[in-house]
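Given the structure is predicted, the values throughout are model-derived calculations rather than measurements.
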Amino acid sequence: RRAIETNNIFAWLWTLVQWNCMARSSSIDCLAFHNFSVGTDSIIIKYDDSKSDIAGEKRSEKILYANPTDWTMCSWLALGK
């Protein structure tokens with residue numbers, strides 16, 4: 001809520017993505033647009049590499065869904081802003 005109150009959209013999105021992916025900050029920090037794709041009703045995030053998979057051979061996808069009940073916790077809205 002503090003990021004929204006201070007109009008810090010980057011911090012709001014970064015925190016939401018970190019929370020929804022259950023990831024370390026170093027995993028979220030290096031994400032770019034090529035890591036995001038659109039699923040049927042979700043946003044799919046695929047890391048380039050991870051701590052356990054430096055080569056990026058066994059990358060798993062993380063799924064972000066919209067939150068229609070609480071706009072402050074909606075990753076879709078934060079990405080749109």
- Message: Holding to side chain to side chain donor-acceptor pair (under 3.5 Å), I want the full list of residues that pass it with Thr69, two or more places apart in sequence or in another chain.
- Response: Asn67
- By side-chain contact (heavy atoms from CB on, under 4.5 Å), which residues pair with Ser42, not counting sequence neighbours? Ile44, Ile63, Tyr65
- For Ser75, the side-chain contact (heavy atoms from CB on, under 4.5 Å) test, sequence neighbours excluded, returns Leu16, Asn20, Leu64
Using distance only, find each side-chain donor-acceptor pair of residues 3-12 under 3.5 Å and give its atom names and separation, not counting sequence neighbours.
unit_1, atom_1, unit_2, atom_2, d
Thr6, OG1, Arg2, O, 2.9
Thr6, OG1, Ala3, O, 3.3
Asn8, OD1, Ala11, N, 3.2
Trp12, NE1, Thr72, O, 2.8

